[in-house]
Chemist: 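Structure below; questions to follow.
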Amino acid sequence: MRGPAHLAVSPEDHDISAMTRLLLSALAMMSLLLAANAAHAQSPNNLVGGSQFNPPLPAPLPPPKIEAPKIPQLDAPQRYDYVQGPRPSFGDRVVRCLDEAAAAGVKPSRRAAYSRSCANRGD
């Protein structure tokens, strides 16, 4: 009696190993289907209002680099920056010297001579 009724339990044929294999394969198939369905449901494009045509989410940004600040050493030699900034133009120096002369109360007839000498000095 082999056929579709082979899977049914009959009093004369007790094949437990076939039934256990059938039960295990059915459980494996159900767990695979449930796992695939759960993975598909977690996609952000399948959430409420999502679409399968939406582009995938971008990759997360890399974590920021955290570096410890440089600790100054007490016995380290000090470093000085002796480089001066660019010198103002001659016109800027003349204007500054004229303003200084006016603020100092120099007469207007003497301001031109003062501003020339002041601008040439580079004060």
Chemist: What's the spacing between Ser115 OG and Arg110 CZ if we round to 0.5 Å?
Modeler: 11.0 Å
Chemist: Enter the distance from Met29:CE to Ser25:OG here, rounded to the nearest 0.5 Å.
Modeler: 8.5 Å
Chemist: Going by side-chain contact (heavy atoms from CB on, under 4.5 Å), name the residues that satisfy it together with Asp92, two or more places apart in sequence or in a different chain.
Modeler: Pro88, Ser89
Chemist: If you look at every heavy atom in Arg93 and Arg87, which pair is closest and at what distance?
Modeler: NH1-NE, 3.2 Å
Chemist: Taking only residues two or more places apart in sequence, or in another chain, which ones meet Gln73 in a side chain to side chain donor-acceptor pair (under 3.5 Å)?
Modeler: none
Chemist: Taking atom CG of Leu27 and atom OG1 of Thr20, what is their separation to the nearest 0.5 Å?
Modeler: 11.5 Å
Chemist: Check whether Phe90 and Leu98 end up in the same hydrophobic cluster, where Ile, Leu, Val, Met, Phe, Trp and Tyr are linked by side-chain heavy atoms less than 4.5 Å apart.
Modeler: yes
Chemist: Rounded to the nearest 0.5 Å, how far does CZ of Arg121 lie from SG of Cys97?
Modeler: 7.0 Å
